[in-house]
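The structure appears below as structure tokens.
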Number of protein chains: 2
Amino acid sequence: MANILQANCMMCRMRSDIFNTLNESELHRVDDCRVSIKYHQGEIIFKQGSPCHDFVCVTSGLVKLYLEGEGDRRIIIGFARPVDYIFVPGAFSDKRHHFTAVACEESTACLVEVDIIQDLLKTNQEFASSFMTKVSEQAIQLFDQLTSFTQKQMPGRMAEVLICLSQKIYQSNPFITSLSRQDIADMSGMTKESAIRIMKTFKDDGLILAEGNSIEILDFAKLETISRNG
Amino acid sequence: MANILQANCMMCRMRSDIFNTLNESELHRVDDCRVSIKYHQGEIIFKQGSPCHDFVCVTSGLVKLYLEGEGDRRIIIGFARPVDYIFVPGAFSDKRHHFTAVACEESTACLVEVDIIQDLLKTNQEFASSFMTKVSEQAIQLFDQLTSFTQKQMPGRMAEVLICLSQKIYQSNPFITSLSRQDIADMSGMTKESAIRIMKTFKDDGLILAEGNSIEILDFAKLETISRNG
DNA sequence: TAATAGTGATGATCTATGTCATTCAAAAAC
DNA sequence: GTTTTTGAATGACATAGATCATCACTATTA
């Protein structure tokens with residue numbers, strides 16, 4: 001909601017679309033309790049299990065959202081980029097975070113008290129409606145991830161992840177990523193070693209080009225076939 | 001919302017809690033377009049991919065909800081029992097069903113046009129709020145399932161499923177189930193053969209007693225340990 | 001400059017789990 | 001009463017993918 005140029009929600013061009021449904025006075029209420037915070041790479045924005053006080057909207061950088069399992073195992077369930085707000089289901093049930101959010105690179109976010117947002121959801125039905133849409137889309141994405149993780153095998157999952165990175169997250173090809181191989185593994189539900197191995201076979205087959213942080217997809221069509229066939 | 005005794009929403013004692021937030025006239029609106037339908041075992045209530053016209057509330061029986069993957073593979077993501085309504089995320093995005101609902105046994109359900117429900121969500125904020133809570137809880141459950149499927153191995157997943165069946169779905173021990181071994185496998189993310197094998201080891205170890213449709217948990221504590229340790 | 005740590009890469013195992021084939025029992029159909 | 005069908009059970013086998021160990025390369029710190 002805030003960026004370097006605009007220090008308030010009303011004029012902010014970085015703000016999430018859902019705020020367009022708010023009127024001037026509602027925006028003022030949000031702005032009054034808004035805090036903009038800068039995070040360094042690797043810093044935790046909020047942690048799974050902790051109480052959720054704030055509604056988070058990412059205004060710059062890239063934030064990864066992951067589930068923490070037993071023994072350091074992680075599953076990345078999504079990312080938040082400018083200008084995404086992070087839907088926290090715990091805000092409506094047990095007031096706890098159910099996943100962890102970490103800055104993948106230098107990032108800024110605006111924090112707003114959840115109470116304010118929940119009040120707005122009650123008084124502004126258009127706002128509530130766009131919120132419901134967002135929540136629903138996230139649920140649908142989770143369905144896809146569950147299906148993919150349990151029914152596809154590694155090459156299919158990796159192909160899916162690479163396409164997602166290029167098309168949705170970075171929207172460029174080639175793309176420079178701040179994600180480690182471990183992160184890519186966490187996105188595709190496998191160990192780091194397996195991720196590296198699969199990427200190597202893709203490289204050997206001329207499907208991609210991967211050199212450190214730079215990844216380029218050479219054969220989109222074939223990758224999509226692999227992704228579809230599991 | 002309707003049962004044998006009460007043929008309208010206003011007097012219905014079977015109706016879902018969320019309808020308690022509606023006033024008389026709102027309930028009348030729901031009742032006016034309500035249709036109560038009886039399903040036989042195995043019948044599809046709605047199918048993944050099809051357009052979603054109706055909001056479904058289960059009034060008797062048991063309904064399984066599953067994702068359909070490639071090649072007949074299924075993942076059961078939950079059940080609806082009296083009196084649960086089924087949250088359909090597609091209703092708020094692409095107007096398509098993203099999972100399939102099938103009656104596990106003789107079941108009845110009330111169908112209400114989604115438009116009516118969406119109108120109510122806009123005009124009655126208390127109704128919307130209880131709806132949001134429900135949606136959030138479902139998302140959290142999906143997180144747990146994703147973690148379990150990718151990080152636990154078969155005995156852990158099976159233990160989890162058996163405890164869930166006894167405590168949440170049937171709320172009795174022993175319990176008689178209308179679910180097949182395939183269904184139990186679909187709940188725990190494994191093949192039917194593996195499910196049968198794991199259940200056999202549980203039987204041999206004296207943790208459960210399984211005889212056809214009847215399942216009894218003998219050692220809850222140990223099952224929970226297995227479930228936790230993956 | 002050396003030392004330490006973090007990440008990427010790769011090979012050698014090991015095992016959890018899927019696949020396939022078969023048997024058996026019970027129920028349903030004829 | 002026999003035949004057919006359906007679901008449960010079990011064994012043999014194959015393999016995807018985890019685990020473990022090692023090594024190379026940077027980047028940071030002493």
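So you know, we letter chains A, B, ... as the sequences are listed, proteins then strands, and number each from 1. These numbers come from the heavy atoms of this one structure, side chains and all, not from hydrogens, waters or symmetry mates.
Among the protein residues, A/Arg73 comes within range of no part of the nucleic acid, since none of its heavy atoms lies under 4.0 Å from any strand.
In this entry the distance linking NZ of A/Lys152 with P of C/dG18 reads 18 Å, nearest Å. A straight line from NZ of B/Lys192 to C1' of C/dG18 spans 13 Å, rounded to a whole angstrom. Rounding to whole angstrom units, CD1 of residue B/Ile198 and C1' of D/dG11 are separated by 15 Å. If you take CE of A/Met199 and P of C/dT7, they are 16 Å apart, rounded to a whole angstrom. The separation between B/Asp72 atom CG and C/dT19 atom P is 12 Å, rounded to whole Å. Here the P atom of nucleotide C/dT15 and the CD atom of B/Gln153 are 12 Å apart, to the nearest Å. Regarding B/Gln182, its CD atom lies at a distance of 13 Å from the C1' atom of D/dT6, rounded to whole Å.
Nearest to the side chain of B/Met154, among C/dT10, C/dA21, C/dG18, sits C/dG18. Nearest nucleotide to the B/Ser194 side chain, out of D/dA9, C/dT17, C/dG8: C/dT17. Between C/dT10, C/dG18, D/dT10, one nucleotide has an atom nearer to the side chain of B/Met190 than all others, and that is C/dG18. For B/Glu193, whose side chain is taken as the heavy atoms from C-beta onward, the closest listed nucleotide among C/dT17, D/dT10, C/dT10 is D/dT10.
Phosphate contact (OP1/OP2 of C/dG18, side-chain N/O of B/Thr191, threshold under 4.0 Å): present. Taking side-chain N and O atoms only, B/Arg197 has no distance below 4.0 Å to OP1 or OP2 of C/dT17.
Remark: side-chain polar atoms of A/Ser50 are paired, donor with acceptor, to backbone N or O of A/Lys47 under 3.5 angstrom.
A cation-pi arrangement is not found for B/Lys134 relative to B/Phe87, the charged atom failing to lie both closer than 6.0 Å to the ring centre and inside a 45° cone about the ring normal.
Toward the 5′ end of DNA chain C lies the nearest nucleotide of A/Gly212, the other residue of the pair A/Gly212 and B/Gly189 mapping further downstream.
You'll find the ring centres of B/Phe99 and A/Phe143 inside the 6.0 Å limit.
The aromatic rings of A/Phe175 and A/Tyr170 lie parallel to each other, with less than 30° between the two planes, well short of the 60° mark.
With no hydrogens or angles considered, a side-chain donor-acceptor pair links A/Ser178 and A/Glu105 at under 3.5 Å.
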